[in-house]
Each structure stands twice: as structure tokens, then as C-alpha cells.
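Here is the naming used below: chain letters follow the sequence lines, and residue numbers restart at 1 for every chain.
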Protein chains: 2
Amino acid sequence: MSSVKRSSAQRLRDALEDDIINGRLTPGERLDPEALGREFSVSRTPVREAIQQLVASGLVTVSPKKGTFVARIGIDQLIEMFEVMAELEGMCGRLAARRISEEELAALREALARCEAAAEAGDTDEYYYENETFHDCIYTASHNGFLAQEARQLKQRLKPYRRLQLQVRQRMGGSLAEHRKIVAAIEQGEAELAEQTLREHVLIQGERFSDFIASVKKLDASATRLDAPHDRTRA
Amino acid sequence: MSSVKRSSAQRLRDALEDDIINGRLTPGERLDPEALGREFSVSRTPVREAIQQLVASGLVTVSPKKGTFVARIGIDQLIEMFEVMAELEGMCGRLAARRISEEELAALREALARCEAAAEAGDTDEYYYENETFHDCIYTASHNGFLAQEARQLKQRLKPYRRLQLQVRQRMGGSLAEHRKIVAAIEQGEAELAEQTLREHVLIQGERFSDFIASVKKLDASATRLDAPHDRTRA
DNA sequence: AGGTCTATTGATGTATACATCAGCTCGCCT
DNA sequence: AGGCGAGCTGATGTATACATCAATAGACCT
């Protein structure tokens, strides 16, 4: 009963958001309001509304008289966003180390255990999912709902690009070790250590920037061919 | 020519945003779309659009079938937001200490000088304004545009409540001393010190939480009388 | 008299038609 | 043939009318 009767615009927004985050719509791809309206059997008004909300979220961009596209984030801004993401995660860890409850600590240990199981099984998809749960536990344990919300939002916004890092398997071992260190720090209430470890944990993924940037550029190239009539002025 | 020809919705959004931030519209106050439409000579569509953008910014809340109101942030969430604000400011300071350019450093010193002048003159309004410039310099000097944007946005969102702190005059002296420490830390590239000082600089305002919370509660009370269903004597 | 059911009201949500304007194309002029 | 300009096209932006639904207030029943 929480939100069963949401408006068409909200449902459409969620659907599009999910499509973008899960890669069914790739950055740079065009969005046709009329086609979406037909697909969901609604008029242009709620479609437009949904799109505007996504624009506000930074997931899509609309160029007047040119069209609406799934947002393409430049490499420079992507780096900036990862930098902020690392800070937010670190802050969550620092606060969690001071404020975590017994229940939350149990949930965190459980999440860690699931990560270990997934890593042992070599199941990268499962690890990816459990890794999210693990981090989300820390967000919640920060006991700062606003911070948690911001962290989740930024994470979602980065998700379409995180997908590009294919070497999850190679990272699983190291990631898991870091997770253990993070849990240990939080258990012992060592706020600064938890913050530092988490911050690096997030930034390490950006360490292989050579591979990462290459992936992004590749995406840029293919996407450019799709949406833009010609070279798009980089936004 | 960058944005001279903005849409009606954009202009209206900016106008409302300015009204809210500058206190002409107080939290909890009602917004009547039709009245706004008449005032700006536009139909309900762009009004609705502007309101939705403000909702996305967190400045306005809309309850279905009840009305749209200027967002009222609960005390608990307000504290959470200040906590995050302090972290963002601290991060800006840390990065600025490493990355600031000569021009930016000059601008920062200039802003500090203006703050000193305003403090010496006892002009609280001027100090308020120059204080903003000072902090904005640090945002820019972080060389992380995304971070700077987030910091500015959150600051705006907090602005209607910051106004409640009446004791700016008493704070001017201490604030100025902290500003000097911050500039010194950035000049010498002491990132951690700059971060720490800035973080505390922001949090100190929340130190007088007794007064602050009292002010918020007072606002809450008066605003509740305005918008709530109870009051039907004046429609 | 008190409670409940129902009709009204007023708000948001949606559909549709129109206006506007930039980019593209095609054709004209040089 | 090449550059340039006017018209066309298709996109977003806006206006208006209608639908929907919850909160409210009134009247009816108990």
C-alpha cells in the first residue's frame, strides 16, 4: 500500500530509469517521446514529465529542437563524480563506525558473508549484487538518511558506466579483502580507518583508469554514430 | 547570449527559487499554480513544469490532492544535511589546497579582504554576501566542477534555514579568524588542515543548536498554522 | 446527539491541439 | 559548380479542456 497507485509519469520514470541504469538504454541513445507514449499508452504530457524528472536526476539531457538523449557524461566529469562518490562512501563508513547498531552490524556481517560465498563460487553477477547490498548496509548504518540517499543517487547515476569495468573477476579477491578490513574497522569503531579504507576501496576501481577510459571512449565513439547528426558539442 | 531566451518554465523556476531562497516564500507556505500562472501570464503547464523542477531540487513538495507547498525540512533531516554540507566543504578545501591556481588564490585573498572590510564596518549583510563569495572561491578552486555544483546546490537548499541564525554579528569575528586559518592552510598546501578547519567552520554554526532548533521549531509552529487543514477560517 | 454515508469541491493528473523555432534540404542565383 | 537563401520539417514548448480522486462538509440514519 506504500505507493501502489502511482501516476503514469512516475511509472514511466521508473521504467526509463531502470532501462538506463541496467544498460538497456545506452548513453547517447535517443529517446522518442511519441514512441514512448505509444508503448505505454499515454499521451506526451506524462512522458514529458517523466523525462524532465530524469533530466533533473542527470540521467538524460534534452537539447531544444534537437532531441532528448540518454545523458552522456564526459570523462572529466566522470572522474569528478567518482571522486565525490569516494568521499561520500568514506563519510558513510566514518559515521557508521560510530553509530552502527547491533542489528545493522549483523546485517553487515551477513552481507560480507554473502560476498565471500559469491567470490568463492566465482559468481561475478552474484558478487556484484551482494557487493551493492554490502555498501548499502554501510549507507544505512551511517544513520544519516540524507547522506544515504545522496550516496545511492550518485551510485545509480554512475552505474551505467561502472558496467564497463569488465574485470570484476580479477577485482573480486582484492575487493573482498578490503571489505573485511572495512568491517573490522567499523566493528572496532575506528572511524578514521573505516573512512580511509572505504575511500580507497572506491577509488581503486578508478585506478585502472587506462582501461576504464578506453572503455568509455569506445562507448563514446559508438554512441556518437547513433544519436548525433554530426559531431556533438561536448557538454 | 548564453541563456537569454529561456523558456517560461525556466524563468518561473528561477523566480520561485529566488523567492524561496531569499525568504519571500517561507517553508510551509502554499503555492497556487493558477495564481502563479496569472501573475506571470502563462498557463498552468509551464507553472507545473517549474514546480516539478523545484520538487526535484527539494525546495518544494507536492502532496497529491492536497496542494503544493514550499518544502519544510524536519529538524532531524536538517542536521543531517548540515553534516553533509560540512563534509562537502571540507572536501573542497582539501582539494583546493592541492590544486588551487595563482589566479584563484588571488581571488580567494580578495574575498577574504572583503570579508575583513565588511566585518570591520560591522555590515552584517555585506559580510553575509562576501562570505558566500569566499566559500564559492573554494568550491571553484577544488577543480572538481561536479563537487562544486553539488555544494552550491545543497547550500541553496539550506539557505532558507540559515537565515534563521540571527546572531551573525556575534559570529563575524570568529568566522573571520577561521577564514584566515583556512586561507593559510590552502596557501601552504596543507590539505588535511584545510579540510578539518573548513569542516568545523561549517559545523560550528550548528553548534548553537539550542538557539537554532528553537528558531526552526518556532517557524514550524507558525507555518503549521498556515498550511494545515485545521485552519479553514481564512482560505 | 453522534456517527456514517454520500455528494460536492477543489486540487492534481492527463489528453489533445496549437505555437514556435532551429536545423535541414532543396532550389535559385551568381 | 558552388555558395547562399527561403521554405519545409520535425522537434520542443505552451495553452486549454477534461478526467480523476481524495479531502471535506453536509445531511441522513440510528
Open item on the list: For B:Tyr139 and B:Gln149, which I'm curious about, is there any donor-acceptor pair between the side chains at under 3.5 Å?
Closed with: no
Open item on the list: Can you build the contact string for nucleotides 7-14 of chain D? Use B for base contact, S for sugar-phosphate-only contact, and - for no protein heavy atom under 4.0 Å.
Closed with: ----BBBB
Task: B:Leu158 CG to B:Phe82 CZ distance, which is reported to the nearest 0.5 Å - done: 5.0 Å
Task: Residues that A:Glu80 engages under side chain to side chain donor-acceptor pair (under 3.5 Å), provided they are two or more places apart - done: none
Open item on the list: Under 3.5 Å, is there a donor on one side chain and an acceptor on the other for B:Arg152 and B:Thr140?
Closed with: yes
Open item on the list: Distance alone, cut at 3.5 Å: any donor-acceptor contact between the side chains of A:Glu49 and B:Gln52?
Closed with: yes
